[in-house]
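We use all heavy atoms of the structure for the numbers below, so side chains are in, but hydrogens, waters and symmetry mates are not. Remember, predicted model here, so these are calculated numbers, not experimental data.
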Amino acid sequence: VVSGIAGPGVPSSHSYSVTLIDPNRLTADLTLFGPSTMAASQPATFTFTPPTGSESLQVRTSLKTTATLKENAEVPARAQVIDGTGSNYPLMVKPSSFRGFGPVSGRTSFHLTFPTSYDAFVRGVPEQSFELNRDIIVNPKASLTFKYRRGYMTKGSNLVIERSADGGLTWSPLGKRIRGVSNTKYDLNVSAAKVALPRTSTPIRLRFRYFTTGGSIYTHDATPTSPTGIFIDDITITGCSWLVKKAENTLSASSTQFVLDSQTAGGPLAKGTEWYLTLRAQLGGKWFPDGPAARVTITP
């Protein structure tokens, strides 16, 4: 409502409707409808309704694998992570390269610190994160463990583990935060942490996020040769299954069905294997997050 308007021949107020939107969220239903079991020799058809205005569609296939997940930074090129850190420092470093500071485990570790004390885009201290680039299905009694060592990390600096059930659109915390304990000293010893993972039937994502709740902070920009922030290594997830991406099948924007066979799956449909299919859409030149996963088991 706009009020207090003055002038000849005009109303003193005017009202109109405003619709608030999240430009990163697609409200259309991306559900794939199809069988929960299929024979390897007989293709299965999945149907869906393409979002209005779609420019392109993709059905992505993944194979469920049960194995312990391990992630460290020893070979940066092989690390299955998504880097969400500032451009002025590397996510994977050798902690021993900082004078007086020692290793966490092995030679190289993941490193989260504040790149600068103020970012004009976020209008504050920029949060830092890295995401495990895996879709994980959590079984009973599953957990995530890792080793860490605080560098110069003030009492207002925090590390938290978070999970997302919608492909990274929204996140919720798991376990307790790891907080800084001294404004003037770094850890002399390595610590270990364990976080319980709630059971899920649909894939989730996990990330490590570093943020401040206020007060003084150490930044890489101010002291690039000092071990600021926190160093993380030997990330291990037990009691889980994870999805290995196999194929991305691009479809026309007007498509309404997808046929799963050994070719579109991206691998042999072996007896007893479990496959997950997700649909995503491109609108306005942007690919939106995948819709809910359809699960299908290969029978004899």
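- A donor-acceptor pair under 3.5 Å is absent between the side-chain atoms of Ser143 and the main chain of Lys194, judged by distance alone.
- With rounding to the nearest 0.5 Å, the separation of CH2 in Trp275 from CG in Leu269 is 5.5 Å.
- A distance of 9.5 Å separates CG in Leu57 from CD in Gln282, rounded to the nearest 0.5 Å.
- Atom CZ of Arg149 sits about 7.0 Å away from atom CG of Asp187, to the nearest 0.5 Å.
- Annotation: Lys286, atom NZ; neighbour count of heavy atoms from other residues, nucleotides and ligands within 6.0 Å is above 12.
- For the pair Lys70 and Asp234, the salt-bridge criterion is not met [side-chain N within less than 4.0 Å of a carboxylate O].
- Seen from the ring of Phe211, Arg209 counts as a face-on cation partner, given the 6.0 Å and 45° thresholds.
- Atom CZ of Arg179 sits about 9.5 Å away from atom CE of Met153, to the nearest 0.5 Å.
- Residue-environment remark: CD (Glu74) exceeds the threshold of 12 foreign heavy atoms within 6.0 Å.
- Heavy-atom neighbours of Lys64 NZ from other residues, nucleotides or ligands within 6.0 Å: above the threshold of 12.
- No side-chain donor-acceptor contact under 3.5 Å links Ser157 to the backbone of Gly180.
- Remark: the backbone N or O of Gly156 is paired with a side-chain donor or acceptor of Thr213 at under 3.5 angstrom.
- Interatomic distance, OG of Ser191 versus CD1 of Ile178, reported as 8.0 Å (0.5 Å rounding).
- To the nearest 0.5 Å, atoms CG (Leu159) and OH (Tyr210) are separated by 8.5 Å.
- Residues Lys147 and Asp233 are not paired through a salt bridge, judged by the lack of any N-O separation under 4.0 Å between the basic side chain and the carboxylate.
- Side-chain atoms of Asn88 come within 3.5 Å of backbone N or O of Pro115 as a donor-acceptor pair.
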**OP:** Evaluate the criterion side chain to side chain donor-acceptor pair (under 3.5 Å) for residue pair Gln128 and Thr85; output intermediate values, then yes/no.
**Re:** CA-CA 5 Å; Gln128 303 292 286; Thr85 63; 4.7 Å; no

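- Under a 3.5 Å cut-off, the side chain of Ser54 and the backbone N or O of Ser56 do not form any donor-acceptor pair.
- Under the 3.5 Å distance criterion, the side-chain polar atoms of Asn183 are matched with a main-chain donor or acceptor of Lys155.
- Under the 30°/60° scheme for interplanar angles, the aromatic rings of Phe231 and His111 are found to lie parallel.
- Under the 4.5 Å side-chain heavy-atom criterion for ILVMFWY residues, no single connected hydrophobic cluster contains both Ile137 and Leu174.
- Tested against Arg207, the residues Glu162, Glu131, Glu71 include a single salt bridge (charged side-chain N to carboxylate O under 4.0 Å, His left out) partner, Glu162.
- Formation of a donor-acceptor pair under 3.5 Å by the Thr200 side chain with backbone atoms of Thr202 is found in this model.
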